[in-house]
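Each remark here refers to the structure printed beneath this line.
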Number of protein chains: 2
Amino acid sequence: MELRQLKSLIALVENGYNVSHAAARMNLVQSAVSQQISKLESELGVPLFVRHGKRLIGITEVGQEVLNYAYRTLANVENIREISRERLTQGEGMLRIGATHTQARYILPSVIKQFRAHYPDIELQVHQGTPEQLVEKAIHDDVDFSICTEALATHADLLTIPCYQWNRGVIAQADNPILQHETISLECLTDYPIVTYVYGFTGRSVFTETFTKQGLKAKVVLSAADTDIIKTYVREGLGVGIIASLAYVEEQDSDLVHRDLSALFPWETTRIAYQKDKYIRHHQQYFIDLFLKTVQQQGRWHGLLAASEA
Amino acid sequence: MELRQLKSLIALVENGYNVSHAAARMNLVQSAVSQQISKLESELGVPLFVRHGKRLIGITEVGQEVLNYAYRTLANVENIREISRERLTQGEGMLRIGATHTQARYILPSVIKQFRAHYPDIELQVHQGTPEQLVEKAIHDDVDFSICTEALATHADLLTIPCYQWNRGVIAQADNPILQHETISLECLTDYPIVTYVYGFTGRSVFTETFTKQGLKAKVVLSAADTDIIKTYVREGLGVGIIASLAYVEEQDSDLVHRDLSALFPWETTRIAYQKDKYIRHHQQYFIDLFLKTVQQQGRWHGLLAASEA
DNA sequence: TCAGCTTACGGCTCACGTAACAATA
DNA sequence: TATTGTTACGTGAGCCGTAAGCTGA
């Protein structure tokens, strides 16, 4: 068996079972790919593709299993290259972090500042996106890892490390009547117009679900993807904001009052996610360690750590 | 990069960095291996071996990392072969189970009986050994998986599945004075000559530790690797036996009296262990499922399952 | 001097490209 | 007929083997 054959297999599947396209993608002619596939099938003694006459129209069950291992095999080969590249370009290269706006704005700055001090020559890229996009980016190696709260459970190819937990708080203008309640309950919140995150971001689905479970419904008058926009509209008097508490910054937001709501909502866990079989370069590992250390020092962990790596 | 090169790398390390031996092992001449290693090193751009002049005397740090991925890569390739072999020889082949005497004698029979009914043409091999040997066998693929209680935590390359829990009981001849105690305590046990397992088997180390923690010391007059021998000497009147309760069989051992001691000792967890990256054939998976189902039906689980896969 | 690795060179295998053929839509 | 896959065949890259050259022990 040759790596060449596994590459052909993958290219073929990724190009809709079209040998010509796969060959073009590999900078080869059709016949070359055709031959490699034949060799692989004859060595294994099992057809890997479903054929209508000569035309390939699908993959067999065995083919699918082989394909999975072919991906892993080539990923390992890529890791070997990465290891040596690491050695050759130590302290150089780049670090591509996938993060939501909340992470990038409120959590990452202090970590990145420390990182830069240690690795001044590494180019840092912060890729923003929705949690779904970040998961995709991590899977397709468009980023080295993604930091997010949602949408991580779905993919089996990702390894996730729980980093910290957060919960919500309400922010309001100082004269807002909601602040006169001694303790703020869910029922009480439904009386006020709310500004919070859009679906898919920063725990919005859990937010909504919490009300639904109690048979309640929050009056969300505006939802936004990031906290700064929420604050802006709260300042405009559109309503009270419900945000991740970590996004309330005493110094900058002194015109707004923040009240903790962690008694009302479940704690959310933010995780770092990266490809399961990916080789982690030293500076990547350093960043992860730094991130964990930093959030730990900030006391951002609530409750017990559930052992949850797959 | 070529698989050939990774094979050379591995062969070289496994033959004490001796190119000639490695080549002989691969049925090649020295120069061939030498060339492949050169190619690999020049492609990666990093030396993988430590040299004294021309002689190889060790592996570099990078080399070690590359080696790890080389093993994984070739393991994946082997898995691909295994997948197709599976398809070609469905229902044939063999199942190689590593087990201690206790497993083989008291737990496996009913599982194996069911397995044979479903896969009559599969050759069954039960490889016995000490837990340490079984772990080694699993790692070196001398068995498909090993079933044991000890020595599993040590190796990172093994995946382990908790299967069932067991604890100890005392067995004694009906007229033995120990049976007159209403409840048997650790202190009480120290008064009697004890026959139990040797170190490394069936929880012996935990057994000893339990006494030590209480500042006690059991008077072990004879230790053996398997329960049948312990029973034999108990019948000879040498002392009272302390065995895994599951090894007391009402029908066969009616001449001996069994008293449960699970209040005194920690529960032990028996696990199935196999290579992390190994491809599991259908009949292997079937056996594992059958084993789990059977011990579960027998109610052999005590307490909560700790999520413990690595 | 021996054991052991590298380098040079030649034969041979085999992967790829060209091209003719086959089959499907 | 256009598109796509297979088969046949020639060429060239490269792998392995032989053998000569180095280099420590």
Side-chain angles (χ1 to χ4, degrees), chain A residues 1-60 62-63 66-67 70 73-74 77 80-81, chain B residues 1-60 62-63 66-67 70 73-74 77 80-81:
Chain A
M1 198 182 310
E2 298 291 330
L3 292 175
R4 202 183 292 107
Q5 295 164 0
L6 301 182
K7 284 179 197 159
S8 296
L9 172 68
I10 289 173
L12 206 37
V13 173
E14 291 186 347
N15 287 277
Y17 312 110
N18 183 314
V19 183
S20 317
H21 293 179
R25 176 73 64 91
M26 298 174 76
N27 298 316
L28 292 174
V29 294
Q30 296 159 334
S31 68
V33 175
S34 194
Q35 287 172 54
Q36 291 308 319
I37 294 295
S38 303
K39 285 214 168 189
L40 183 58
E41 287 186 320
S42 81
E43 178 179 347
L44 297 181
V46 188
L48 301 174
F49 291 97
V50 179
R51 293 173 167 80
H52 260 2
K54 291 190 173 181
R55 207 154 295 205
L56 307 191
I57 57 162
I59 193 164
T60 63
V62 178
V66 171
L67 180 69
T73 306
L74 293 180
V77 170
I80 290 176
R81 291 211 184 83
Chain B
M1 199 180 310
E2 298 292 331
L3 294 175
R4 200 181 294 108
Q5 295 165 359
L6 302 181
K7 284 179 197 159
S8 297
L9 172 68
I10 289 173
L12 206 36
V13 173
E14 290 187 347
N15 287 278
Y17 312 109
N18 183 313
V19 184
S20 317
H21 292 179
R25 176 73 64 93
M26 299 174 74
N27 298 315
L28 292 174
V29 294
Q30 295 161 334
S31 68
V33 175
S34 195
Q35 286 172 55
Q36 291 308 320
I37 293 295
S38 304
K39 285 214 167 189
L40 183 58
E41 286 186 320
S42 81
E43 178 179 345
L44 297 180
V46 188
L48 301 175
F49 291 97
V50 180
R51 293 173 167 80
H52 259 3
K54 291 189 174 182
R55 207 154 297 204
L56 307 191
I57 57 161
I59 193 163
T60 63
V62 178
V66 171
L67 179 68
T73 306
L74 293 180
V77 170
I80 289 176
R81 290 210 184 82

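Within every chain, numbering begins at 1; the chains are lettered A, B, ... in the order of the sequence lines, protein sequences first and strands thereafter. Just so it is clear, the structure is predicted and the values come from calculations on it, not from any experiment.
Annotation: proximity of residues 12-34 of chain A to DNA chain C (heavy atom, distance under 4.0 Å) is found for A:Asn27, A:Leu28, A:Val29, A:Ser31, A:Ala32, numbered in ascending order. Only B:Arg51, B:Lys54, B:Arg55, listed by number, bring a heavy atom of residues 47-60 of chain B to less than 4.0 angstrom from any atom of DNA chain C.
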Contacts under 3.5 angstrom, residues 21-35 of chain B side chains, donor-acceptor by atom type, not counting sequence neighbours:
| residue | atom | partner | partner atom | Å |
| --- | --- | --- | --- | --- |
| B:Gln30 | NE2 | B:Ser20 | OG | 2.6 |
| B:Gln35 | NE2 | B:Ser31 | O | 3.4 |

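Backbone-only contact: A:Gln36 has heavy atoms under 4.0 Å from sugar-phosphate atoms and none from a base.
Partners of B:Glu43 under the side-chain contact (heavy atoms from CB on, under 4.5 Å) rule, at least two apart in sequence or in another chain, are A:Arg81, B:Met1, B:Gln5. Legend: residues meeting salt bridge (Lys or Arg N to Asp or Glu O under 4.0 Å) with A:Arg51, ordered by chain and number and at least two apart, are A:Glu41. For B:Arg4, the side-chain contact (heavy atoms from CB on, under 4.5 Å) partners two or more places apart in sequence, or in a different chain, are A:Glu2, B:Glu2, B:Gln36. In this structure, the side chain to side chain donor-acceptor pair (under 3.5 Å) partners of A:Glu14, at least two apart in sequence or on a different chain, are A:Tyr71.
An end-to-end axis angle of 30° holds for the helix from C:dT1-D:dA25 to C:dA25-D:dT1, taken from five base pairs per end and rounded to 10°.
Spacing between atom CD1 of A:Ile37 and atom C1' of C:dA15 amounts to 14 Å, rounded to whole angstrom units. When the P atom of D:dG14 is taken as reference, atom CD of B:Glu43 falls 12 Å away, rounded to whole Å. Atoms CZ (A:Arg4) and P (C:dA15) sit 6 Å apart, rounded to a whole Å. Going from atom CD of A:Glu2 over to atom C1' of D:dG14 covers 12 Å, rounded to whole Å. Rounded to an integer number of Å, the gap from CD of A:Gln35 to P of D:dG10 is 14 Å.
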side-chain contact (heavy atoms from CB on, under 4.5 Å) assessment of B:Ile80 paired with A:Leu6: CA-CA 10 Å; B:Ile80 289 176; A:Leu6 301 182; 3.8 Å; yes
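Taken from CG in B:Leu3 to OG1 in A:Thr73, the straight-line distance is 8.0 Å, to the nearest 0.5 Å. With rounding to the nearest 0.5 angstrom, the CG atom of A:Leu67 is 5.0 Å from the CD1 atom of A:Ile59. Remark: B:Leu56 CG to B:Leu12 CG distance equals 5.5 Å, nearest 0.5 Å. We find the CG-CG distance between A:Leu40 and A:Leu9 to be 6.5 Å, quoted to the nearest 0.5 Å.
Here the options are A:Thr60, A:Ile57, A:Ile37, the test is side chain to side chain contact (heavy atoms under 4.5 Å, CB included), and the partner is A:Phe49; only A:Ile37 passes.
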